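None of these values were measured; they are calculated from a predicted model. Every number for a ligand or one of its atoms is a count from 1 in the order of the listing.
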Amino acid sequence: MAGDSAVLEARGVSVGYGAIPVVRELDLTVGRGEVVALLGANGAGKTTTLMALAGLLPLSAGAVYLHGKQTTDTLFRRVRRGLSYVPEERGIFRQLTVMENLRLGRGDPARAIELMPPLGALTQRRAGLLSGGEQQMLSLARALAAEPAVLLCDELSLGLAPLIVERLLERISVAAQAGLGVLLVEQQVRSALMVADRAYVLRRGRVVMSGTASELAERLDEIESHYLSGLETADERR
Ligand SMILES: Nc1ncnc2c1ncn2[C@@H]1O[C@H](COP(=O)(O)OP(=O)(O)OP(=O)(O)O)[C@@H](O)[C@H]1O
Ligand SMILES: [Mg+2]
């Protein structure tokens with residue numbers, strides 16, 4: 001049995017692509033109302049971890065628990081049980097307008113605009129024409145409007161100005177205060193640790209460090225020089 005307060009949990013999860021192992025023996029929990037950061041260099045296995053938790057990759061070992069119950073559901077069914085996944089490539093329909101994108105979400109479009117007011121002026125614009133920051137606002141607002149229990153968020157800040165990142169993280173933080181559990185993959189480690197309660201550091205597919213955000217913030221220099229610089233290739237992990 002998974003812990004009662006964990007809304008999402010991975011136990012001994014190993015996952016990869018075909019014969020290539022990427023993430024190995026991962027133990028991770030996200031509690032209700034908790035923001036958890038998942039850190040690691042390029043290629044460390046962060047996106048792979050989120051995809052496994054979302055039900056997009058078959059596990060080669062271990063198990064995922066949603067609301068304390070082991071699940072092998074597809075993403076579609078996990079979404080119906082309160083999981084929301086905002087992928088790196090944003091997951092919006094570029095040919096559709098902002099409003100059409102919001103209507104395709106599980107939440108109320110008006111609620112999404114309330115969460116991210118700048119979207120109000122953009123409702124009739126095609127999503128593909130939005131700036132990077134506006135697209136991120138759209139995908140995050142759509143995800144949050146559905147009032148999920150747990151949000152998996154991949155590289156929200158990619159290519160965005162610090163001020164926009166701050167605004168997006170602020171929304172996430174407010175939602176967490178209302179009970180949302182969040183697993184946040186983030187390149188901007190300092191910003192991530194500012195909103196996170198806890199964090200895990202992945203290196204070559206394994207958790208090499210974990211703790212409260214303030215513990216990890218104190219060791220930021222060490223983390224940045226040892227675990228966050230450079231690129232980790234699949235060859236190195238063999
Ligand atoms: N579809 C795939 N088939 C084979 N290998 C893959 C596939 N997707 C990713 N990988 C490999 O798995 C490893 C982990 O990739 P992953 O995308 O999880 O890293 P990441 O931590 O998200 O990196 P980044 O910070 O660059 O987004 C990398 O070595 C990558 O080349
Ligand atoms: Mg990634």
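- For ligand 1, the atoms sitting less than 4.0 Å from at least one non-hydrogen atom of T48 are 14 (C), 15 (O), 16 (P), 18 (O), numbered in the order shown with element in parentheses.
- Ligand 1 lies out of reach of G40, whose nearest heavy atom is not under 4.0 Å from it.
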Determine whether M209 and Y200 satisfy the following criterion, side-chain contact (heavy atoms from CB on, under 4.5 Å), listing intermediate values before the conclusion.
CA-CA 6 Å; M209 202 186 272; Y200 296 86; over 6 Å; no
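- Near A41, with a cut-off below 4.0 Å to any heavy atom, the atoms of ligand 1 are 21 (O).
- The closest side-chain donor-acceptor pair between R198 and T29 falls under 3.5 angstrom.
- The pair K46-D154 does not count as a salt bridge, with every side-chain nitrogen at least 4.0 angstrom from each carboxylate oxygen.
- No hydrogens or angles considered: nothing links the side chains of S191 and E166 as a donor-acceptor pair under 3.5 Å.
- Within the listing of ligand 1, atoms 25 (O), 27 (O) sit less than 4.0 angstrom from a heavy atom of E155.
- Distances below 4.0 Å separate heavy atoms of Q187 from the following atoms of ligand 1: 25 (O).
- Contact atoms of ligand 1 toward T47: 17 (O), 18 (O), 20 (P), 22 (O), 27 (O) (distance under 4.0 Å to a heavy atom of the residue).
- For ligand 1, the atoms lying closer than 4.0 Å to a non-hydrogen atom of E88 are 27 (O).
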Could you walk me through whether L28 and E9 satisfy the side-chain contact (heavy atoms from CB on, under 4.5 Å) test, starting with their C-alpha distance in whole Å, then the side-chain angles of each, then the deciding distance to 0.1 Å, before giving a yes or no?
CA-CA 6 Å; L28 174 154; E9 179 167 3; over 6 Å; no
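- Taken together through direct or relayed side-chain contacts under 4.5 Å among Ile, Leu, Val, Met, Phe, Trp and Tyr, L158 and L138 form parts of separate hydrophobic clusters.
- Ionic pairing of E100 and R126 is not present here: no N-O contact between side-chain nitrogen and carboxylate oxygen is shorter than 4.0 angstrom.
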Would you check, one step at a time, whether the test side-chain contact (heavy atoms from CB on, under 4.5 Å) holds for L152 with L83?
CA-CA 8 Å; L152 307 176; L83 180 141; 4.1 Å; yes
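- Heavy-atom contacts of A44 reach the following atoms of ligand 1: 19 (O), 21 (O) (cutoff under 4.0 Å).
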Please determine whether salt bridge (charged side-chain N to carboxylate O under 4.0 Å, His left out) holds for the pair R190 and E224, giving the CA-CA distance in whole Å, both sets of side-chain angles, and the decisive distance to 0.1 Å.
CA-CA 10 Å; R190 283 161 207 273; E224 282 185 329; 3.3 Å; yes
Applying side-chain contact (heavy atoms from CB on, under 4.5 Å) to Y85 and R78, what does each step give before you reach the verdict?
CA-CA 10 Å; Y85 174 45; R78 288 180 206 203; over 6 Å; no
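- Polar contact check, G43 against ligand 1: a nitrogen or oxygen pair lies under 3.5 Å apart.
- Distances from the Mg ion (ligand 2) under 2.8 Å pick out these protein N/O/S atoms: T47 OG1.
- Between E170 and S173, the side chains place no donor N or O within less than 3.5 Å of an acceptor N or O (distance only, hydrogens not considered).
- At a heavy-atom cutoff of 4.0 Å, ligand 1 is contacted by the side chain of V22 but not by its backbone.
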